[in-house]
Amino acid sequence: ILISVQLLLKNVLGVLGLLWTALHDAFVGLSIISRVMARMFLPQSHITSLVALILLAIAVVSLSHLIVSYHRRRQMRLFE
């Protein structure tokens with residue numbers, strides 16, 4: 001029983017570590033890209049800046065979702 005609990009804990013911590021890394025990398029990338037985009041769009045209108053930042057946020061969320069889905073599918077294939 002102790003071995004199965006350790007194995008379960010190891011798997012849960014692995015998934016949490018993967019999730020933390022994905023979120024951390026996404027937020028770091030978002031902060032860098034938003035700084036660059038803010039410098040590009042700052043002289044222009046605020047509406048254009050807002051739309052660009054919303055589109056960027058959607059792109060980052062979509063990319064994070066795709067990466068997590070890819071890793072889940074890959075892990076499922078390993079267990080088959």
Side-chain angles (χ1 to χ4, degrees):
I1 295 174
L2 184 60
I3 294 173
S4 63
V5 171
Q6 288 177 343
L7 183 62
L8 179 68
L9 186 61
K10 182 180 176 182
N11 288 337
V12 168
L13 289 176
V15 170
L16 289 176
L18 176 66
L19 184 63
W20 170 252
T21 302
L23 289 174
H24 179 265
D25 291 346
F27 283 120
V28 168
L30 179 64
S31 66
I32 292 170
I33 292 171
S34 65
R35 286 181 187 175
V36 171
M37 288 185 66
R39 289 183 185 161
M40 270 181 23
F41 290 115
L42 196 58
Q44 297 177 2
S45 71
H46 294 293
I47 295 173
T48 306
S49 301
L50 182 62
V51 169
L53 289 175
I54 289 172
L55 288 175
L56 177 65
I58 291 171
V60 168
V61 168
S62 298
L63 181 61
S64 297
H65 177 66
L66 288 172
I67 290 170
V68 170
S69 296
Y70 170 77
H71 285 290
R72 282 185 187 158
R73 273 190 250 138
R74 187 172 175 201
Q75 286 178 350
M76 291 173 113
R77 288 183 192 154
L78 292 176
F79 291 125
E80 289 180 355

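- Of the inter-residue distances, the one linking Ile67 atom CD1 with Thr21 atom OG1 reads 11.5 Å to the nearest 0.5 angstrom.
- In this structure, CG on Leu8 lies 9.5 Å from CG on Leu13, to the nearest 0.5 angstrom.
- Asn11 CG to Leu16 CG: the interatomic distance, rounded to the nearest 0.5 Å, is 11.0 Å.
- In this structure, Asp25 CG and Trp20 CH2 are separated by 10.0 Å, a value rounded to the nearest 0.5 Å.
- In this structure, the separation between CG on Leu30 and CG on Leu23 is 12.0 Å, given to the nearest 0.5 Å.
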